[in-house]
Trainee: 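My questions will all concern the structure given below.
Sequence lines set the chain letters: A, B, ... in the order given, protein chains first and strands last, and positions in each chain run from 1.
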Amino acid sequence: MTTTPLLEVKDLHVEFRTKSGVAQAINGLNFSLNAGETLAILGESGSGKSVTAQTIMGILDMPPGHIAGGQILYRGEDILTMNETKRRKLRGVNISMIFQDALSALNPVLPVGWQIAEMFRVHRGMKRGPAKKKAIELMQRVGIPGAEGRVGDYPHQFSGGMRQRIMIAIAIALDPDVLIADEPTTALDVTVQAQVMRLLKELQVENNMGLILITHDLGVVADVADKIAVMYAGRVMEAADVYEIYAKPAHPYTKGLLESIPRIDAEGDRLSAIPGLPPSLTDMPSGCPFNPRCPYATDLCVSDRPELLPAAEGHYSACHYREDVYQGTIEPRQEAQA
Amino acid sequence: MTQYIIRRLLQFIPVTIFATLIVYWLVFSMPGDPIRALSGDRPMPEAQVEAIREQYNLNDPFLVQYAKYMWGVFTQGDFGTTFQGRPVLDIIQQTLPTTLTLAAFAFVFQGIIGIIAGILSGVYKDRFIDRLVQVSTVVVVALPTLAIAFLLQLVFGLNLGLFPIAGIQQGLVSYILPAIALGAVSTAMIARMLRSELIEALQSDYVRTATAKGLKRGRVIGRHGLRNSLIPVVTFMGADLATMMGGTIVVESIFNIPGLGGQIFRSIQAQEGTVVVGIVTLLVLFYVTLNLLVDLLYAVLDPRIRYD
Ligand SMILES: Nc1ncnc2c1ncn2[C@@H]1O[C@H](COP(=O)(O)OP(=O)(O)O)[C@@H](O)[C@H]1O
Ligand SMILES: [Mg+2]
């Protein structure tokens with residue numbers, strides 16, 4: 001534990017200041033990522049996953065976004081306090097990102113090859129010809145058939161899966177240490193999802209990247225991730241190794257999520273089975289943000305906010321009753337059952 | 001693509017016929033008798049009037065007159081002659097270069113100023129420069145060209161004495177004020193259009209991707225934001241060239257410029273129907289050709305557009 005993590009997010013706070021009030025999208029977020037490791041960030045829609053990714057990349061819309069506190073350490077150095085030039089040189093080079101919807105994330109009026117080659121031309125000072133050659137190689141690497149003949153094609157001429165591969169090619173062009181994939185397969189057909197996920201995993205192993213895989217789909221993470229951080233209302237509720245989380249969840253929210261997975265892989269919103277709705281970000285409940293929906297909640301949960309603390313070795317949970325949940329020695333309150 | 005162009009060229013025929021027919025009809029149903037007006041106070045012998053009427057097909061039914069005229073235009077490039085016997089083509093050849101020079105000046109002016117203003121306004125949204133552009137463009141659009149022209153003459157011509165206010169005797173510098181007057185409204189429209197396009201583009205996902213690629217802000221805006229925002233602006237400017245020809249009627253009259261527009265104005269006053277019809281026919285052809293070119297340009301600029 002003496003080595004500094006590749007990327008470490010410490011007590012991050014991000015809010016959106018809009019006319020209708022201040023939405024606290026990220027409220028004291030903590031996680032870390034090591035080289036060669038895949039961290040899955042799992043959470044319902046609106047839990048702040050994309051905002052987290054955007055804050056790390058430095059592409060948050062500011063305003064209305066505002067970083068209200070915390071640190072993001074890349075190899076021990078806080079990127080939030082870096083000067084803009086230094087920060088920019090990290091983007092796409094050391095830390096890069098894949099977006100959910102490749103169709104809108106790629107420039108519609110520039111050839112895909114050009115968009116890949118731009119990475120080499122801008123960051124490596126390469127000439128047009130060699131950069132194009134690199135782009136073709138990358139297109140081949142990410143599995144685009146007939147790459148040579150397709151460098152000049154435009155994004156709309158590709159299928160969804162192929163477009164996401166092009167997005168991936170741009171993101172890995174310069175061998176980044178950290179790759180953030182924000183729901184990279186959500187917009188794709190089920191059959192294509194698996195292929196793209198396999199490609200990501202392959203590339204990660206090949207380049208020893210730290211991969212942050214953002215998803216709202218528990219089913220996606222099991223085979224791919226090493227660690228999982230479960231997000232709720234802009235905070236990490238539970239973080240542990242994948243098998244740990246599946247076997248012994250230490251947070252009632254995670255437990256609820258796992259229980260809501262259908263036995264056999266099926267369509268549908270798997271996270272909807274927990275009764276109630278996530279809290280309003282402009283009006284957070286006191287104490288634990290999950291308390292209004294939690295079957296185990298007590299007065300303590302309403303008065304005190306639980307910290308993210310170990311429930312067992314390497315297994316963190318932000319629940320006052322983490323050990324009991326972990327051991328399975330807790331009973332739901334009477335009212336919650338009614 | 002070729003098929004599309006052929007189809008568009010075939011559409012020229014009805015459009016041209018329809019547009020010229022209307023103009024022909026308007027011109028020849030103007031009140032008064034131009035032939036008698038020709039001779040002034042002295043009454044013209046009846047035989048001579050009859051000869052002129054015959055020469056200009058004025059005794060034929062309206063549609064036959066029209067058909068004969070159009071036949072001449074398209075088979076021999078013959079745009080007719082004035083009642084004084086001067087070929088209309090001659091008049092066109094004499095006035096066209098002046099008008100084209102004026103239009104070129106206006107086009108360059110609106111391109112440069114409109115695009116710069118639009119970029120500043122869009123990039124520095126809600127800041128002082130944006131407010132300035134917003135307010136001034138509203139004023140320009142609201143003012144009639146006539147008022148803009150007089151204002152320019154007054155301020156830059158008379159008060160400051162920087163530019164000539166009438167005629168083209170002083171060479172190219174004479175074109176500056178008329179060109180600004182001619183291009184003012186379009187400049188404002190280009191600025192406003194580019195502003196909103198750019199603001200939208202700068203919030204788009206692909207611009208966010210460009211930032212995430214570690215590109216400098218200038219490159220993000222120039223290569224990714226502007227590249228897309230300029231498409232509608234460029235096509236607007238193309239189509240606007242044709243509209244500009246209409247604007248020259250007012251501007252050339254005010255600044256006393258011997259161009260096509262001023263000529264139309266004078267010919268309408270003098271009831272010289274053939275000249276009006278000749279010039280307008282030319283403008284209609286110009287207009288439809290330009291529109292086709294603009295549509296083709298659009299496909300070149302935006303790869304998502306396909307014509308087939
Ligand atoms: N540009 C923005 N302006 C205002 N609010 C925003 C903006 N981006 C995100 N939010 C808010 O932040 C919260 C978290 O959003 P997001 O990170 O996109 O969720 P998700 O976990 O689904 O990716 C949402 O409630 C959303 O309304
Ligand atoms: Mg999201």
Trainee: First locate atom CD1 of I172(A), then atom CG of L179(A), and finally report the distance between them rounded to the nearest 0.5 Å.
Mentor: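 Here the interatomic distance stands at 8.5 Å.
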Trainee: Do R217(B) and E84(A) sit within salt-bridge range, that is, some charged N less than 4.0 Å from a carboxylate O?
Mentor: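 The answer is no: the pair does not qualify as a salt bridge.
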Trainee: Heavy-atom count around K201(A) NZ within 6.0 Å, excluding the residue itself: above 12?
Mentor: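 Yes, enclosed.
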Trainee: Below 4.5 Å from any heavy atom of chain A, which atoms of L301(B) appear? Answer side chain, backbone, both or neither.
Mentor: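 Answer is backbone: N, CA, C or O of L301(B) sit under 4.5 Å from chain A.
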Trainee: Heavy-atom cut-off 4.5 Å, strictly under: side chain, backbone, both or neither for Q54(A) against chain B?
Mentor: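 Looking at Q54(A), just its side chain touches chain B.
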Trainee: Can you check whether N291(B) reaches R8(B) side chain to side chain, under 4.5 Å on heavy atoms?
Mentor: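 Sidechains of R8(B) and N291(B): in contact.
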Trainee: For each of Q115(A), R87(A), M97(A), tally heavy-atom pairs with chain B at distances under 4.5 Å, and name the one with the top tally.
Mentor: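 So the answer, after comparing Q115(A), R87(A), M97(A), is Q115(A).
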Trainee: With a 4.5 Å heavy-atom cut-off (strictly below), which parts of residues 180-206 of chain B touch chain A? List them by number.
Mentor: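 Under the 4.5 Å heavy-atom cut-off, D205(B), Y206(B) qualify.
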Trainee: Between V93(A), D61(A), I170(A), who has the most heavy-atom pairs with chain B when the cutoff is under 4.5 Å?
Mentor: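 Among the listed options, the one with the most contacts to chain B is D61(A).
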Trainee: Is the terminal nitrogen or CZ of R304(B) (NZ for Lys, CZ for Arg) located under 6.0 angstrom from the six-membered ring centre of Y154(A) and within 45° of that ring's axis?
Mentor: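 So R304(B) doesn't make the cation-pi contact.
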Trainee: Under a 4.5 Å heavy-atom cutoff, which of H156(A), M57(A), K89(A) has the most pairs with chain B?
Mentor: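 Most heavy-atom pairs within the cutoff with chain B belong to H156(A).
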Trainee: Which region of S96(A), side chain (C-beta onward) or backbone (N, CA, C, O), has a non-hydrogen atom less than 4.5 Å from a non-hydrogen atom of chain B, or is it both or neither?
Mentor: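 Contact with chain B is absent: no heavy atom of S96(A) under 4.5 Å.
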Trainee: At a 4.5 Å cut-off on heavy atoms, which part of R223(B) comes close to chain A: side chain, backbone, both, or neither?
Mentor: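 For R223(B), heavy atoms of backbone and side chain both lie under 4.5 Å from chain A.
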Trainee: Identify the heavy atoms of L60(A) and F16(A) that sit nearest to each other, and give their distance.
Mentor: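 So the two residues come closest at CD1-CZ, 4.0 Å.
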Trainee: As a test of understanding, state which of I67(A), L29(A), L80(A) forms a side chain to side chain contact (heavy atoms under 4.5 Å, CB included) with I72(A).
Mentor: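 For I72(A), the side chain to side chain contact (heavy atoms under 4.5 Å, CB included) check succeeds only for L80(A).
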Trainee: Using a cut-off of under 4.5 Å on heavy-atom pairs, state which of A173(A), P108(A), P155(A), A171(A) scores highest against chain B.
Mentor: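 Counting heavy-atom pairs under 4.5 Å, the top option is P108(A).
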Trainee: I'd like to know whether T185(A) forms a side-chain hydrogen bond (donor to acceptor under 3.5 Å, both in side chains) with Q164(A), so could you lay out the CA-CA distance, the side-chain angles of the two residues, the decisive distance to 0.1 Å, and finally the verdict.
Mentor: CA-CA 8 Å; T185(A) 61; Q164(A) 193 56 287; over 6 Å; no
